[in-house]
Amino acid sequence: MTSSVIVAAAHEFARTAAGWIADRMGAAIEARKSCAVALCGGSTPVPVLADLVGRSIRWNDVSVYFGDERAVPPDHRDSNFGMARRALLDHVPLDPARVHRMRADRDDLAAAALDYERSLPERLDILMLGLGPDGHTASLFPETPALRPGARIVLAVAAPSPPVTPQVARMTITPLVIEAARNVVVLVAGADKAGIVARVLDGPLDPFALPAQLARGDTWILDHDAARQLKGREEPQ
Ligand code: 6PG
């Protein structure tokens, strides 16, 4: 499976990614009068979400979901929802009822995951993903049970990230959600990700070892540093 790889200069990365996302949000609304978009966590999406604020998007037709969340309250510094709220949600005319936060801070994380499954649409219009240094995406970590075939679309999981901290417990979409999404975009920036980007996109296909390969056939938007070790890719835009 081949990916569509878009490489942008570092200072153009956020604008390029936000433009790609805004275009597909508009197309979804044009086609189906609604758009279900799932945001990714971490730090990479922050400038991309901020760039979306200034774009002409019919937010009344948009529903926002999340690909994963840490088991912390929404105002915790590690909350993906908190990051999205600061970068985007507090700055656009979006009905709060259309923002579906993963309640990973609930005591019963498994029950919260089941509830979140019921809130997800059958197919997301846009799914944003990131790439971790170990090849994880969302909170699908290498060689973990959440990657095994099954019927669940949202699971409570544990991030194998030392030191063991409250953030270890997480909620995540499963591979079924990635497969069903109409548009999947993986956003990666920074020289420290160049090696893992090359392993995921150019290396042997083994999504159990490198879960981000579940999106290998989708669109990847990279800055020049993250794309540095890729074989035979087009020059930065
Ligand atoms: C999370 C994310 C995770 C993230 C990658 C990249 O909750 O941590 O969903 O999958 O996208 O770890 O994170 P950075 O953008 O911070 O490098």
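If you're wondering where the values come from, they're calculated on a predicted model, not measured in any experiment.
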Legend entry - Heavy-atom neighbours of R24 CZ exceed 12 at 6.0 Å: yes
Inset, instruction - Step by step, work out the salt bridge (Lys or Arg N to Asp or Glu O under 4.0 Å) result for D105 and R101. - result: CA-CA 10 Å; D105 50 331; R101 177 173 79 87; 3.0 Å; yes
Legend entry - Side-chain touch L49/M83, heavy atoms, less than 4.5 angstrom: yes
Inset, instruction - Could you label the plane-to-plane angle of the F141 and H136 rings as parallel, tilted or perpendicular, counting under 30° as parallel and over 60° as perpendicular? - result: tilted
Inset, instruction - Locate the shortest heavy-atom distance separating L52 from A18; write the atom from each residue and the value. - result: CD2-O, 3.5 Å
Inset, instruction - Mark yes or no for whether K193, through its side chain, and G132, through its backbone, hold a donor-acceptor pair below 3.5 Å. - result: no
Inset, instruction - Please step through side chain to side chain contact (heavy atoms under 4.5 Å, CB included) for the pair R216 and L201, ending with a clear verdict. - result: CA-CA 6 Å; R216 186 142 111 165; L201 292 183; 4.3 Å; yes
Legend entry - V99 with V53, same ILVMFWY side-chain cluster at under 4.5 Å: yes
Inset, instruction - Please assess R170 against E69 for the test salt bridge (Lys or Arg N to Asp or Glu O under 4.0 Å), listing each intermediate value before the final yes or no. - result: CA-CA 6 Å; R170 297 195 176 193; E69 185 56 279; over 6 Å; no
Legend entry - Side chains of P96 and L94 in contact at under 4.5 Å (non-hydrogen atoms): no
Legend entry - Between CZ on residue R148 and CD on residue E143, distance to nearest 0.5 Å: 9.0 Å
Legend entry - Distance-minimising heavy-atom pair for L187 and M128: CD1-CE, 3.6 Å
Inset, instruction - Could I get the full list of salt bridge (Lys or Arg N to Asp or Glu O under 4.0 Å) partners for R123, not counting sequence neighbours? - result: none
Inset, instruction - Enter the distance from Y116:OH to I173:CD1 here, rounded to the nearest 0.5 Å. - result: 9.5 Å
Legend entry - Same apolar cluster: L127 and V5, side chain cutoff 4.5 Å: yes
Inset, instruction - Measure the spacing between CH2 of W20 and OG1 of T219 and express it to the nearest 0.5 Å. - result: 4.5 Å
Legend entry - Check against salt bridge (Lys or Arg N to Asp or Glu O under 4.0 Å), R182 and D125: CA-CA 5 Å; R182 292 189 173 91; D125 292 297; 3.0 Å; yes
Inset, instruction - Might you work through the side chain to side chain contact (heavy atoms under 4.5 Å, CB included) test for C40 and F66, ending with a clear yes or no? - result: CA-CA 6 Å; C40 60; F66 291 82; over 6 Å; no
Inset, instruction - Check whether V197 and F13 end up in the same hydrophobic cluster, where Ile, Leu, Val, Met, Phe, Trp and Tyr are linked by side-chain heavy atoms less than 4.5 Å apart. - result: yes
Inset, instruction - Using only heavy-atom distances, determine whether the side chains of T172 and D68 contain a donor-acceptor pair under 3.5 Å. - result: no
Legend entry - Nearest non-hydrogen partners of E117 and I153, listed with the distance: OE2-N, 2.7 Å
Legend entry - Pairwise side-chain contact, M25 with E30, heavy-atom cut-off 4.5 Å (strictly under): no
Inset, instruction - Considering non-hydrogen atoms only, spot the tightest contact between A113 and M171 and give its length. - result: N-CE, 3.6 Å
Inset, instruction - Look up atom CZ in R98 and atom OH in Y65, then write down how far apart they are to the nearest 0.5 Å. - result: 8.0 Å
Inset, instruction - Dump the intermediate steps for side chain to side chain contact (heavy atoms under 4.5 Å, CB included) on V154 and L114, then the final yes or no. - result: CA-CA 7 Å; V154 179; L114 266 176; over 6 Å; no
Legend entry - Heavy-atom side-chain proximity of D61 to C35 below 4.5 angstrom: no
Inset, instruction - Would you kindly confirm whether L155 and L214 end up in one hydrophobic cluster when ILVMFWY residues are joined by side chain heavy atoms under 4.5 Å apart? - result: no
Legend entry - R86 and D90 ion-paired at < 4.0 Å: no
Legend entry - Minimum heavy-atom distance between V185 and I21, given as atom pair plus value: CG1-CG1, 4.2 Å
Inset, instruction - Report yes if the side chains of L222 and I6 come closer than 4.5 Å at any heavy-atom pair, otherwise no. - result: no
Legend entry - Side-chain heavy-atom pair D134, I196 within 4.5 angstrom cut-off: no
Legend entry - Salt-bridge contact D75-R85 (side-chain N to carboxylate O under 4.0 Å): no
Legend entry - A84 to L39 - nearest heavy-atom pair and separation: CB-CD1, 3.7 Å
Inset, instruction - Could you list all the salt bridge (Lys or Arg N to Asp or Glu O under 4.0 Å) pairs where at least one residue sits in residues 220-229, not counting sequence neighbours? - result: D225-R228
Inset, instruction - Please answer: with hydrophobic residues joined when any side-chain heavy atoms are less than 4.5 Å apart, are W220 and V184 in the same cluster? - result: yes
Inset, instruction - Apply side chain to side chain contact (heavy atoms under 4.5 Å, CB included) to V62 and V37, showing your working. - result: CA-CA 7 Å; V62 174; V37 53; 3.9 Å; yes
Inset, instruction - Verify, without hydrogens or angle tests, whether R70 (side chain) and S79 (backbone) share a donor-acceptor contact under 3.5 angstrom. - result: no
Legend entry - Spacing of NE2 belonging to H100 relative to CG belonging to D115, to within rounding of 0.5 Å: 13.5 Å
Inset, instruction - Quick one: pull up CG in N183 and CG in L124 and give me the separation to the nearest 0.5 Å. - result: 10.5 Å
Legend entry - Under 3.5 Å donor-acceptor, Q213 side chain and D206 backbone: yes
Inset, instruction - Side-chain contact test, heavy atoms from C-beta onward, threshold under 4.5 Å: evaluate it for P133 versus D192 and give yes or no. - result: no
